[in-house]
Participant: 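Pasting in a structure now, in structure tokens, and then I'll have a few things to ask.
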Amino acid sequence: MYAFLAFLPILVTIVLMAAFNWPAKRALPLAWVLSACITLTTWQMDFQYVLGYSLFGALKAIDILIIIFGAILILNTMKQSGAMASINNGFMKITKDRRIQAIIIGWMFGAFIEGAAGFGTPAAICGPLLVGLGFPPLAAAMVALVFNSTPVSFGAVGTPIFGTMSTIAGNLQAVGVDSEAFKLIMTKWIAIPHGLAGTFIPLLGICLLTKFFGKEKSIKPALAAAPFAIFAGLVFVIPYIITASLLGPEFPSLIGAFIGLPIVLWAAKTGFLTPKTPWDFPHKSKWENDWKSVTDSGDVGEAKMSLARAWAPYALIAIILIVTRIPSLGLKEILAAQEIVISNILGIENLNYTLKWAYLPGTVPFILVAVITHLIHGMSGQQIKTAWANTFKQLTGAALALLAGVAMVQLMLNSDVNAGGLDSMMTAMAKAAASISGDAYPFLAPFIGMLGAFMSGSNTVSNILFSSFQFETASILGMPEVLIVALQVIGGAVGNMICVNNVVAVCATVGCIGVEGKIIRRNAIPCFIYGIVVATAVAIMIYSGFNPFPIK
């Protein structure tokens, strides 16, 4: 009974978003209201604590919103300056082979955009670019979503990880564990299973491409390009794993793509591991009706600046991130010391919120570089105004969803402060999940993450909703918490292939109408394969007794 009531706000969120197509900005505030009502009545929490922990959660959402704002701002700035058009058009003369084009743009360039900007932007950018190259819009949307999976956990300079840590900070504090140490180990063990499955994502993507959109309706043309596809997977995931192991969650996707992209471009230009016979789609006259666009899409604009100048902002972001994150250089300590602290929120002792405003990736790297870009790209006042205005407009929905979502999670986490003598709502759910799944839980964990992403459209929101739940379930089952939470983060990333928000957004950008269900059904194939691969790999570790971060 208590477990069902604890799960009810999340269940309502799932039903409203998945069945009734409510956006997160409508569903999550309602879910918070429901969770507040349940904690006030069944859990008998004092109104002061319900309001205080909710306010604490809303404040913690500000950290993530600052990162989102900066990520969107730099992207909008580059769109307005014409830099994105130059970058996009620079890809068009590299190869005529559609399989190779899809890997370069959808996998490699998409990974770079995910690492720097995140929040659904890679598919929305890469989809129209592929259409501009001659891809059927439906094919462009589908493959762009499949490729936007492995990089997502570290997208927008680690935002999903920050979302996870904001949620489980209370769990870690309760067992006396250092949050920073847990985060670094977790980052490594997110990257390793991701890298194992992600190596083969370029091949899976082009298999779907040739099977559903080729003249042969077969995966054989994709298998002919398997050496290049696996090579493209490896040159991304190797630096990705190394970076995650050494530098933390901000860099893996950004640096993996930054290193891998020029290598893949070189391989494509020189013919290294590429098929001898280029592959193409059928003539447009033979395209099925739902392959086509109903709007004029794929226009990437006119390239008016050099590629070096166009890429300069992203190169500068990468440099600033590295310089400000390496402890030995001294800047990390200085920036991290800049804090805004709100103590004893609503009079609740030790309920303190701290904003490290200067250290957040959204401030120094993104917002600062956006302002510098205004100058180096010679932007007009109107272009600057449009970039900032569009950013604030885009942030509105995410702000409402995150404020309510984080508030709800913090309330559920701290609902053990009650007059009814009950466990917290999260603990009640965790105990129920543990009793039902038992030792098979590692195979369930990534699919919970996928569910969160499917219903919210965000790896970050999925992690906020379910990371603490996964942590507590692992504790009850005696499993390594760090590995189970890693499966949550991975699942939330993979769920981006099929999440309603991203599918709708990319279909709108390429001009496909009414094909969202078809994309979700087809992309469910690689999504399921990915989930089983990572679950099996981690389950083997757990069953063999491996625990990279024991918690007493």
Side-chain angles (χ1 to χ4, degrees), residues 3 6-7 10 152-154 160-179 181-197 244 249 409 412-413 423-453 459-495 530-552:
F7 186 67
I10 294 175
V152 171
S153 290
F154 306 111
I161 309 300
F162 295 124
T164 297
M165 295 309 300
S166 73
T167 297
I168 65 171
N171 301 92
L172 295 172
Q173 186 178 6
V175 293
V177 170
D178 180 69
S179 294
F182 185 92
K183 181 180 72 174
L184 293 175
I185 295 295
M186 181 182 69
T187 297
K188 177 181 178 179
W189 289 102
I190 290 168
I192 291 173
H194 249 323
L196 175 65
V409 169
M412 295 171 75
L413 282 172
D423 291 329
S424 72
M425 295 171 75
M426 282 294 182
T427 301
M429 285 191 291
K431 286 181 176 179
S435 65
I436 293 169
S437 62
D439 291 341
Y441 190 76
F443 291 94
L444 178 63
F447 292 95
I448 292 174
M450 289 181 199
L451 175 64
N459 190 181
T460 301
V461 174
S462 177
N463 294 344
I464 288 169
L465 289 173
F466 293 122
S467 290
S468 180
F469 165 78
Q470 301 261 29
F471 186 100
E472 293 200 25
T473 304
S475 297
I476 292 168
L477 292 170
M479 293 182 178
E481 293 88 349
V482 71
L483 294 180
I484 295 298
V485 176
L487 284 175
Q488 156 63 39
V489 177
I490 294 169
V494 179
Y530 205 128
I532 289 297
V533 168
V534 297
T536 301
V538 174
I540 291 171
M541 297 179 204
I542 292 173
Y543 298 153
S544 66
F546 176 70
N547 186 350
F549 197 93
I551 296 176
K552 296 180 181 180

Participant: Is the closest side-chain heavy-atom distance between I551 and F471 below 4.5 Å?
Facilitator: yes

Participant: Counting N and O atoms only, with roles assigned by atom type, does the side chain of S467 sit under 3.5 Å from a partner on the main chain of I464, one being a donor and the other an acceptor?
Facilitator: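 Not confirmed, S467 side chain does not pair with I464 backbone.
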
Participant: Taking all heavy atoms of S153 and all of V489, pick out the closest pair and write down the distance.
Facilitator: OG-O, 3.3 Å

Participant: Do you know which two heavy atoms are closest between T460 and G163, and how far apart they sit?
Facilitator: CG2-CA, 4.3 Å

Participant: Report yes or no: does Y543 contribute a side-chain atom to a donor-acceptor pair with the main-chain N or O of D439 at less than 3.5 Å?
Facilitator: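 Yes.
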
Participant: Quick one, L483 and N547 - any side-chain contact, counting heavy atoms below 4.5 Å?
Facilitator: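 Counting from C-beta outward, L483 and N547 never come under 4.5 Å.
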
Participant: Which atoms form the tightest heavy-atom contact between V533 and A197, and what is the distance?
Facilitator: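 Closest approach of V533 to A197, heavy atoms only: CG1-CB, 4.0 Å.
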
Participant: Any side-chain heavy atom of I542 sitting closer than 4.5 Å to one from P480?
Facilitator: yes

Participant: What are the two closest heavy atoms between S437 and A433, and how far apart are they?
Facilitator: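 Taking every non-hydrogen atom into account, OG-O, 2.8 Å.
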
Participant: Evaluate the criterion side-chain contact (heavy atoms from CB on, under 4.5 Å) for residue pair F469 and I10; output intermediate values, then yes/no.
Facilitator: CA-CA 11 Å; F469 165 78; I10 294 175; over 6 Å; no

Participant: What distance do F549 atom CZ and K188 atom NZ have between them, rounded to the nearest 0.5 Å?
Facilitator: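 That separation rounds to 13.0 Å.
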
Participant: Tell me, which pairs form a salt bridge (charged side-chain N to carboxylate O under 4.0 Å, His left out) where one or both residues lie in residues 429-438, sequence neighbours left out?
Facilitator: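 Passing the test, one end in residues 429-438: D423-K431.
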
Participant: Apply side-chain contact (heavy atoms from CB on, under 4.5 Å) to K183 and list each qualifying residue two or more places apart in sequence or on a separate chain.
Facilitator: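 Applying side-chain contact (heavy atoms from CB on, under 4.5 Å) to K183 gives I161, F162, M165, E180, T187, P249.
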
Participant: Determine, stepwise, if the pair F154 / I190 fulfils side-chain contact (heavy atoms from CB on, under 4.5 Å).
Facilitator: CA-CA 9 Å; F154 306 111; I190 290 168; 3.7 Å; yes

Participant: How long is the straight-line distance from OG1 of T536 back to CE of M541, given to the nearest 0.5 Å?
Facilitator: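 It comes to 11.0 Å.
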
Participant: Using the salt bridge (charged side-chain N to carboxylate O under 4.0 Å, His left out) rule, collect all pairs that involve residues 442-452, keeping only residues at least two apart or in two chains.
Facilitator: none

Participant: If every non-hydrogen atom of A535 is compared with every non-hydrogen atom of P442, which pair is closest and at what distance?
Facilitator: CB-O, 3.6 Å

Participant: So, for P193 and V534, which heavy atoms are closest and what is the spacing to 0.1 Å?
Facilitator: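 Heavy-atom minimum between the residues: O-CG1, 3.5 Å.
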
Participant: Would you check if Y441 and Q470 make a side-chain contact, meaning some heavy-atom pair closer than 4.5 Å?
Facilitator: yes

Participant: With sequence neighbours excluded, give me every salt bridge (charged side-chain N to carboxylate O under 4.0 Å, His left out) pair touching residues 466-483.
Facilitator: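 Found none.
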
Participant: Assess, by modelled atom type and distance only, whether the side chains of Q488 and S462 contain a donor and an acceptor separated by less than 3.5 Å.
Facilitator: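 On atom types as modelled, these side chains qualify, holding a pair under 3.5 Å.
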
Participant: S468 and side chain to side chain donor-acceptor pair (under 3.5 Å): which partner among N463, T167, N171, T164?
Facilitator: N171

Participant: Within the 4.5 Å heavy-atom criterion, are I490 and Y530 side-chain neighbours or not?
Facilitator: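 A side-chain contact under 4.5 Å exists here.
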
Participant: To the nearest 0.5 Å, what is the distance between CG (L487) and NE2 (H194)?
Facilitator: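 That separation rounds to 10.0 Å.
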
Participant: Could you give the side-chain donor-acceptor pairs of residues 443-451 under 3.5 Å, partners two or more places apart or in another chain?
Facilitator:
none

Participant: Provide the full list of salt bridge (charged side-chain N to carboxylate O under 4.0 Å, His left out) pairs with a residue in residues 164-177, sequence neighbours left out, each pair given once.
Facilitator: none

